[in-house]
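Everything on this sheet refers to the single structure shown next.
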Amino acid sequence: MSTPLEVLQRVFGYESFRGEQQAIIDTLVAGRDALVLMPTGGGKSLCYQIPSLLRPGTGVVVSPLIALMQDQVDALRELGVRAAYLNSSQDWQTAREVERQLLDGELDLLYVAPERLLTERCMELLGRTRIALFAIDEAHCVSQWGHDFRPEYLGLSRLHERWPDVPRIALTATATQVTREEIARRLSLEDAAQFVSSFDRPNILYRIVEKKEVKRQLLEFIREEHPGDSGIVYCLSRSRVEDMAAFLKQNGVPALPYHAGMDAALRAQHQACFLREEGLVMTATIAFGMGVNKPDVRFVAHVDLPKSVEGYYQETGRAGRDGEPATAWMAYGLQDVVQQRRMIDESNGDEQFKRRSGRQLDAMLGLCETVDCRRERLLAYFGQQIEPCGNCDTCLAPPESWDGTVAAQKLLSAIFRLWRERGQRYGAGHIIDILRGKHTPRVREHGHDTLSVFGVGADLSDQAWRGVLRQLLAKGLVTVDFEGHGTLMLTDDSRSVLKGEVTLMLRRESAAAGRPTRTRRQAAADAALAPKEQQRFETLRAWRAAVAREHGVPAYVIFHDSTLREVARRNPRSLQELAHVQGVGVRKLEAYGEALLECVA
Ligand code: ADP
Ligand code: ZN
């Protein structure tokens with residue numbers, strides 16, 4: 001019998017295991033259960049694929065997304081692994097054929113949707129075969145608190161009752177302690193060996209910029225830093241998704257919308273385009289993304305503030321799964337804070353729900369306003385400690401922090417004065433006009449140029465004042481009266497600032513924060529190929545595109561960019577040399593080796 005390492009090298013073409021893969025695989029091969037928390041792109045799939053190949057019988061993989069199963073199965077078949085799936089997208093003849101293969105012991109891996117698996121027919125079918133293991137992917141779908149909750153997942157505890165001796169592995173990229181405990185409890189995995197990897201994704205550059213004109217900022221970001229790259233732009237609402245897609249298209253960036261309000265067929269079509277075509281930007285609500293395992297997404301942009309750090313981390317984690325440099329970019333401003341607070345306030349949830357949502361938002365705002373390393377903050381949220389990373393905006397261009405106590409006092413006083421004129425709605429713009437001493441028609445009409453705070457803030461720019469207000473809102477020192485007219489008002493905590501009992505340190509953007517950073521350019525330069533190599537790379541890509549089209553699969557299923565780049569660089573002359581390239585296993589060498597050598601020759 002082969003060892004896990006031999007399978008890794010022969011079938012998958014990789015040199016060595018990453019992180020805890022080996023230990024996880026050993027656990028399953030020995031017949032024990034495992035609960036695996038690993039960030040997106042960490043390499044979870046191999047943790048159940050290799051034991052399925054090593055143990056007698058078929059590995060049964062529960063996966064929530066039908067669109068995804070097909071790609072996984074295509075990729076495995078390209079590697080020469082006997083894999084198939086059962087889901088509602090198939091006609092019954094195809095399903096019958098898969099069932100026959102399963103019963104005849106012709107499958108190493110079978111992917112099944114949870115609702116399908118739990119049918120009597122399927123349970124009975126599995127009862128007649130030998131099962132190597134159960135893998136429960138995206139296991140956080142059992143969590144009723146998360147936004148990916150799938151009621152069918154709750155039924156998966158039945159697997160253990162029916163097959164107590166078959167090892168199970170649950171996997172997720174969702175990291176908090178609470179979710180982990182909930183998964184263990186609901187899937188009866190309390191006794192499973194737990195593997196918690198570092199959640200760091202070192203190849204992702206985190207950047208959060210101040211929102212000004214977000215469309216223009218997004219366009220500039222894509223043009224300057226990711227021209228021609230695949231990316232995802234997350235928006236809060238459906239209308240914004242449509243609007244962003246149209247705007248990008250008008251400006252020459254190929255983009256498609258995706259949200260739950262679209263017709264299912266069209267949505268599936270857009271998703272397929274995103275997976276198969278290169279250089280497409282998907283503008284989407286958070287309905288898009290779970291299990292989208294496209295490895296070469298080069299950026300994830302948020303044009304609206306996410307509701308929680310957990311959500312933000314999942315979404316940004318979809319960038320750079322192939323380990324190559326990628327960017328998580330977000331634009332965030334005053335309006336986002338107000339909007340999110342309003343959404344919580346107006347939601348139908350009970351008090352407990354509102355409190356929890358409020359805490360999640362506060363953590364997200366803390367990440368946005370921090371003057372420390374973003375990655376350090378992010379990982380601390382998941383209970384992991386690191387040193388400042390050197391690959392986030394605050395590390396690369398540290399923002400200044402300044403004593404904003406006096407400015408805050410001026411702003412709070414102005415808000416207090418206007419609050420007393422109940423019944424009127426004065427927005428942020430008006431309050432800032434008063435502070436800066438502007439004689440606008442509105443200021444004159446209400447006699448606000450006679451207030452004692454009129455003109456006391458002429459020393460700061462409009463934008464600086466917006467920054468102060470945003471941070472006061474983020475810190476809960478100012479709030480919005482949603483029941484009244486949406487007017488700004490003080491909170492219980494404002495008093496100590498007004499009285500001068502606390503010093504308030506605020507964040508000031510550094511001038512460089514909005515620009516492409518050193519590392520990004522450095523990384524791009526590192527990845528760059530010499531002209532001759534670049535030429536080979538392009539030839540290889542063109543060849544790959546043709547093969548992918550012929551096989552009806554995404555290009556990355558044939559070979560990843562990183563593999564083609566390495567081939568271009570090494571310029572191999574023989575199959576033997578080619579076999580040393582990462583991602584070239586036995587089967588792919590056999591199928592494509594000659595063609596690759598021809599391309600580089
Ligand atoms: P996850 O499911 O955790 O997001 P995947 O299983 O899709 O991650 O793996 C991410 C990428 O890393 C894939 O392209 C996979 O082929 C690659 N990979 C996984 N393990 C290794 C390894 N040991 N060596 C090299 N590449 C690996
Ligand atoms: Zn950092």
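The first residue in the sequence is number 1, and the count goes up from there. In listed order, ligands and their atoms are each counted from 1.
With atom 7 (O) of ligand 1 as the reference point, the heavy atom nearest to it among Gln22, Lys294, Arg321 is part of Arg321. Of the candidates Ser16, Gly41, Pro295, Ser45, the one placing a heavy atom closest to atom 5 (P) of ligand 1 is Ser45.
Looking at Tyr381 and Glu376, their side chains never bring a donor and an acceptor atom within 3.5 Å of each other. Donor-acceptor pairing under 3.5 Å is lacking for the side chains of Ser197 and Glu20.
At distances below 3.5 Å, at least one donor-acceptor pair connects side-chain atoms of Arg201 with backbone N or O atoms of Gly320. Between the side chain of Arg536 and the main chain of Cys599, no donor-acceptor pair closer than 3.5 Å is present. Between the side chain of Ser188 and the backbone N or O of Ser157, no donor-acceptor pair lies under 3.5 Å. A donor-acceptor pair under 3.5 Å is formed between the side chain of Thr27 and the backbone N or O of Ala23.
Of the protein's non-hydrogen atoms, the one nearest atom 20 (N) of ligand 1 is Gln21 NE2, 3.0 Å. Nearest protein heavy-atom contact of atom 15 (C) of ligand 1 is Tyr14 OH, 3.7 Å.
In this structure, Tyr111 and Tyr48 have perpendicular ring planes: the angle between them is above 60°, well past the 30° mark.
Under a 4.0 Å heavy-atom criterion, Arg18 is in contact with ligand 1. Within the 4.0 Å heavy-atom cutoff, His560 counts among the residues contacting ligand 1.
For the pair Arg544 and Phe559, the cation does not sit on the ring face, since its NZ or CZ is not both under 6.0 Å from the ring centre and inside 45° of the axis.
Note on the Zn ion (ligand 2): protein N/O/S atoms under 2.8 Å are Cys373 SG, Cys389 SG, Cys392 SG, Cys395 SG.
Contact annotation for Met38 and ligand 1: no heavy atom of the residue comes within less than 4.0 Å of the ligand.
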List the steps and the verdict of side-chain contact (heavy atoms from CB on, under 4.5 Å) for Val112 and Val62. CA-CA 5 Å; Val112 196; Val62 184; 5.8 Å; no

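Annotation: Gly43 places an N or O atom under 3.5 Å from an N or O atom of ligand 1; distance criterion only.
In this structure, the ring-ring contact (aromatic ring centres under 6.0 Å, His included) partners of Phe221, at least two apart in sequence or on a different chain, are His226, Phe299, Trp329.
Each of the atoms 23 (N) of ligand 1 lies under 4.0 Å from some heavy atom of Phe17. Within the listing of ligand 1, atoms 4 (O) sit less than 4.0 angstrom from a heavy atom of Thr40. If you number the atoms of ligand 1 from 1 as listed, the ones under 4.0 Å from a heavy atom of Leu46 come out as 19 (C), 20 (N), 21 (C).
Within a 6.0 Å sphere centred on CD of Glu594, other residues, nucleotides and ligands contribute 12 heavy atoms or fewer.
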